[in-house]
Student: 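One structure, as structure tokens, below. Some questions next.
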Amino acid sequence: MARRRGSGAKSSGGLTFPPPSGPWGALQALMDDGGQVTMGGSVGEIPAAAVASMPQGMLAGLMRRKGESWGNLLLRLDEAVMQSVVENRVICDLRL
């Protein structure tokens with residue numbers, strides 16, 4: 001799969017985001033650059049979660065809120081990934 005290039009945020013890990021396209025532009029860019037998105041329900045004490053990571057480590061990890069749809073969780077994860085890249089920090093609300 002060809003990598004997309006564009007003017008966007010660039011992380012210290014080399015991830016470059018093109019201008020967002022569609023509702024999950026940051027997640028698309030993450031996966032195009034070799035990253036992964038993992039979602040799952042009932043992992044240990046966590047009722048449901050979504051995690052976005054690169055080979056260097058996690059960028060964002062979010063718990064699904066009570067009554068939140070999976071689609072809305074993905075939208076929040078997309079925003080958290082962009083925030084992680086711009087601020088060069090891990091965004092995490094996972095609580096055990």
Side-chain angles (χ1 to χ4, degrees):
M1 180 178 284
R3 291 178 132 175
R4 296 192 307 175
R5 299 283 181 214
S7 61
K10 183 169 180 144
S11 73
S12 59
L15 180 65
T16 302
F17 287 129
S21 62
W24 299 293
L27 295 179
Q28 172 82 40
L30 173 89
M31 291 184 284
D32 286 350
D33 277 351
Q36 293 185 339
V37 173
T38 304
M39 298 172 58
S42 300
V43 178
E45 298 294 318
I46 299 172
V51 175
S53 61
M54 290 294 292
Q56 300 86 349
M58 182 174 82
L59 296 177
L62 303 177
M63 287 179 57
R64 187 175 176 200
R65 296 172 179 160
K66 185 175 183 172
E68 182 176 37
S69 70
W70 285 103
N72 284 341
L73 176 60
L74 276 175
L75 287 173
R76 282 197 309 121
L77 186 65
D78 185 79
E79 292 171 5
V81 166
M82 185 59 77
Q83 181 181 1
S84 174
V85 171
V86 169
E87 297 178 5
N88 196 28
R89 69 182 182 97
V90 175
I91 307 299
C92 183
D93 75 358
L94 300 174
R95 295 180 294 294
L96 299 177

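Atoms considered below: every heavy atom in the structure, side chains included; atoms not considered: hydrogens, waters and symmetry mates.
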Student: Of all residues at least two apart in sequence or in a different chain, which pass the side-chain hydrogen bond (donor to acceptor under 3.5 Å, both in side chains) check with Gln36?
Tutor: none
Student: Taking all non-hydrogen atoms of both residues into account, name the closest pair between Ala49 and Leu73 and its distance.
Tutor: C-CD2, 4.3 Å
Student: Where do Ala48 and Trp70 come nearest, in terms of heavy atoms and distance?
Tutor: CB-CH2, 3.6 Å
Student: Walk me through whether Arg76 and Asp93 qualify under side chain to side chain contact (heavy atoms under 4.5 Å, CB included).
Tutor: CA-CA 11 Å; Arg76 282 197 309 121; Asp93 75 358; 3.6 Å; yes
Student: Which heavy atom in Ile91 sits nearest to a heavy atom in Ala80, and how many Å separate them?
Tutor: CG1-O, 3.5 Å
Student: Any side-chain heavy-atom pair from Gln28 and Val37 closer than 4.5 angstrom?
Tutor: no
Student: Do Met39 and Leu74 have side chains that get closer than 4.5 Å, going by heavy atoms?
Tutor: yes
Student: What distance separates Leu77 CG from Met82 CE, expressed to the nearest 0.5 Å?
Tutor: 12.0 Å
Student: With a 3.5 Å cut-off and sequence neighbours excluded, list the donor-acceptor pairs that the side chains of residues 58-67 form with protein atoms.
Tutor:
from: Arg64; atom 1: NE; to: Glu68; atom 2: O; distance (Å): 2.7
from: Arg64; atom 1: NH2; to: Glu68; atom 2: O; distance (Å): 3.0

Student: Quick check for you: to the nearest 0.5 Å, what is the distance between Met31 atom CE and Trp24 atom CH2?
Tutor: 10.0 Å
Student: With clusters defined by side-chain heavy atoms of hydrophobic residues (ILVMFWY) lying less than 4.5 Å apart, directly or transitively, does Leu30 cluster with Leu75?
Tutor: yes
Student: Are Val90 and Ser84 packed together at the side-chain level, in the sense that at least one heavy-atom pair is separated by less than 4.5 angstrom?
Tutor: no
